[in-house]
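Beneath this line is the structure, given in structure tokens, with notes to follow.
Only a predicted model underlies this, so the values are computations on that prediction, with no experimental measurement involved.
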There are 2 protein chains.
Amino acid sequence: MNDLPFTFTLPMPQVIPSRVDNHIERRLSALRGQFFDQETYHSMLSKEDRLIYEVYEIRRPEVEGEFLMGISIVHPGKVGREFFMTKGHFHSVLETSEIYYCLRGEGFMVMETPEGDTSVEALSPGKVLYVPPRWAHRSVCTARQEDLVTFFAYPGNAGHDYGTIERQGFRKLVLDGENGPEIVDNPRCK
Amino acid sequence: MNDLPFTFTLPMPQVIPSRVDNHIERRLSALRGQFFDQETYHSMLSKEDRLIYEVYEIRRPEVEGEFLMGISIVHPGKVGREFFMTKGHFHSVLETSEIYYCLRGEGFMVMETPEGDTSVEALSPGKVLYVPPRWAHRSVCTARQEDLVTFFAYPGNAGHDYGTIERQGFRKLVLDGENGPEIVDNPRCK
């Protein structure tokens with residue numbers, strides 16, 4: 001891998017990086033078991049496997065001291081009352097953090113620790129979010145028409161642990177309420 | 001220290017973070033021995049100890065897995081033909097990288113390895129710069145009137161090694177030429 005310094009641009013408003021090593025598309029089928037309203041989930045999936053979010057990755061060696069970076073784009077939409085969101089994960093090396101910088105859109109980062117602490121932070125353009133070590137994180141797009149776009153960076157050795165979240169979801173859900181987004185307890189996490 | 005997730009904004013165009021734990025001001029006197037034209041340097045310093053650059057830091061534990069973040073603001077100006085710049089440094093833990101995101105202004109990041117490899121990358125708004133492990137780095141503001149403003153993040157355990165650079169400067173200088181900025185060899189580094 002090239003070990004020279006390099007730059008890339010995040011051209012607005014499209015924000016797709018000028019350098020991309022990997023493009024991930026996550027569709028509705030990849031979020032099986034994650035949305036609260038499973039009846040609506042299966043009904044939607046039977047009609048179309050919609051694109052929920054995309055990640056453009058800039059690759060670096062997956063070792064301590066390096067950073068993995070990229071752009072996350074969560075598309076607008078809902079499954080029942082629940083907004084489209086990423087799968088969300090812990091880092092395999094739990095004691096590693098992550099930085100997000102919101103470039104476009106609006107939404108939330110839903111977070112929790114293995115001990116059950118929870119935090120939900122609002123995202124909007126120009127905001128930096130610091131996810132300290134130990135906090136699982138999932139981004140949620142709450143705009144009706146606009147993508148939620150964030151730039152992210154995390155340590156090269158962090159890794160991803162999806163399994164813990166896949167089993168029961170996050171402790172907090174973000175639902176579309178009468179007066180805007182509502183943060184509610186996930187009834188599956190008692 | 002608070003271990004909850006947190007957000008802060010980088011409000012444009014001022015870009016001073018909404019949360020700041022430490023504010024550093026570096027004046028001309030702090031860059032003793034760094035500018036090529038030492039006669040002009042001492043002449044300027046005898047009149048006024050001008051502000052060259054500022055750093056707004058968001059503090060975190062200085063350990064592996066955390067990130068240290070902040071905003072760097074290099075003001076426009078020159079010492080002779082050489083543009084205002086930061087002191088520049090290696091990381092004490094050499095195998096650690098750094099990310100910059102340029103928010104405003106124009107300039108360059110001047111970089112080099114202990115082995116003598118050099119790299120100079122242009123900075124402008126919307127550009128992300130990746131400084132791989134082992135590369136010392138210094139930012140240079142080349143606009144005539146506007147600050148060079150970057151957001152930076154680096155591993156909590158990286159540390160700073162200023163001494164190596166203070167002894168002989170970087171191998172490349174950024175000078176104001178007839179047709180814009182010129183990258184030239186530093187005659188002190190043979």
Side-chain angles (χ1 to χ4, degrees), chain A residues 1-12 15 17-19 58 60-61 63-67 69 71 91 93-103 109-113 117-135 137 151 153-158, chain B residues 1-12 15 17-19 58 60-61 63-67 69 71 91 93-103 109-113 117-135 137 151 153-158:
Chain A
M1 187 170 294
N2 183 355
D3 263 327
L4 293 173
F6 62 87
T7 60
F8 54 93
T9 57
L10 304 176
M12 298 295 281
V15 298
S18 61
R19 168 192 166 137
I58 292 98
R60 291 293 305 167
V63 299
E64 192 195 318
E66 297 271 3
F67 287 122
M69 299 172 283
I71 289 287
H91 289 164
V93 178
L94 198 58
E95 297 295 336
T96 53
S97 53
E98 185 152 350
I99 296 175
Y100 286 85
Y101 179 63
C102 183
L103 294 159
M109 190 70 73
V110 176
M111 294 167 280
E112 65 184 46
T113 66
D117 301 308
T118 63
S119 173
V120 180
E121 290 280 344
L123 296 174
S124 57
K127 254 192 182 175
V128 179
L129 165 68
Y130 190 70
V131 182
R134 305 183 62 77
W135 289 80
H137 39 284
F151 174 77
Y154 59 94
N157 64 325
Chain B
M1 187 170 295
N2 182 355
D3 263 327
L4 293 173
F6 62 87
T7 60
F8 54 93
T9 57
L10 304 175
M12 298 295 282
V15 298
S18 61
R19 166 192 166 137
I58 291 97
R60 292 293 305 167
V63 299
E64 192 195 318
E66 297 272 3
F67 288 121
M69 299 171 283
I71 289 287
H91 289 163
V93 178
L94 198 57
E95 299 294 336
T96 52
S97 53
E98 184 152 351
I99 296 175
Y100 286 85
Y101 179 62
C102 183
L103 294 159
M109 191 70 74
V110 176
M111 294 168 279
E112 64 182 47
T113 66
D117 301 308
T118 62
S119 173
V120 179
E121 290 280 345
L123 297 173
S124 57
K127 255 192 182 176
V128 179
L129 165 68
Y130 190 69
V131 182
R134 306 182 61 76
W135 289 80
H137 39 282
F151 174 76
Y154 59 94
N157 63 325

**OP:** Select, from B/Met109, B/Arg134, B/Glu98, the one with the greatest count of heavy-atom pairs under 4.5 Å involving chain A.
**Re:** B/Glu98
Original post:
By a 4.5 Å heavy-atom criterion (distance strictly below it), what part of A/Phe151 contacts chain B: side chain, backbone, both, or neither?
Top reply: side chain
Subject >> B/Phe67 six-ring face occupied by B/Arg60 cation (under 6.0 Å, within 45°) >> reply: no
Original post:
Of the backbone (N, CA, C, O) and the side chain (C-beta and beyond), which part of B/Tyr100 lies under 4.5 Å from a heavy atom of chain A, both, or neither?
Top reply: neither
Original post:
Given a strict heavy-atom distance threshold of 4.5 Å, which part of B/Ala158 is in contact with chain A: side chain, backbone, both, or neither?
Top reply: neither
**OP:** Ignoring hydrogens and angles, tell me if any N or O in the side chain of A/Lys127 forms a donor-acceptor pair with the backbone of A/Ala122 under 3.5 Å.
**Re:** yes
Original post:
Are B/Ile99 and B/Val128 side-chain neighbours, meaning at least one heavy-atom pair lies under 4.5 Å?
Top reply: yes
Subject >> CD-OH distance between B/Glu66 and A/Tyr130, expressed to the nearest 0.5 angstrom >> reply: 3.5 Å
**OP:** Tell me, for B/Asn157 versus chain A, whether the close heavy atoms (under 4.5 Å) come from the side chain, the backbone, both or neither.
**Re:** side chain
Subject >> A/Thr96 side, atom OG1; A/Glu64 side, atom CD - distance, nearest 0.5 Å >> reply: 10.5 Å
**OP:** Please look at B/Leu103 and chain A and tell me whether the side chain, the backbone, both or neither of the residue comes under 4.5 angstrom of a heavy atom of that chain.
**Re:** side chain
Original post:
Is any side-chain heavy atom of A/Trp135 less than 4.5 Å from a side-chain heavy atom of B/Leu4?
Top reply: yes
Subject >> Contact leader toward chain A among B/His137, B/Met12, B/Met69, where contacts are heavy-atom pairs under 4.5 Å >> reply: B/Met69
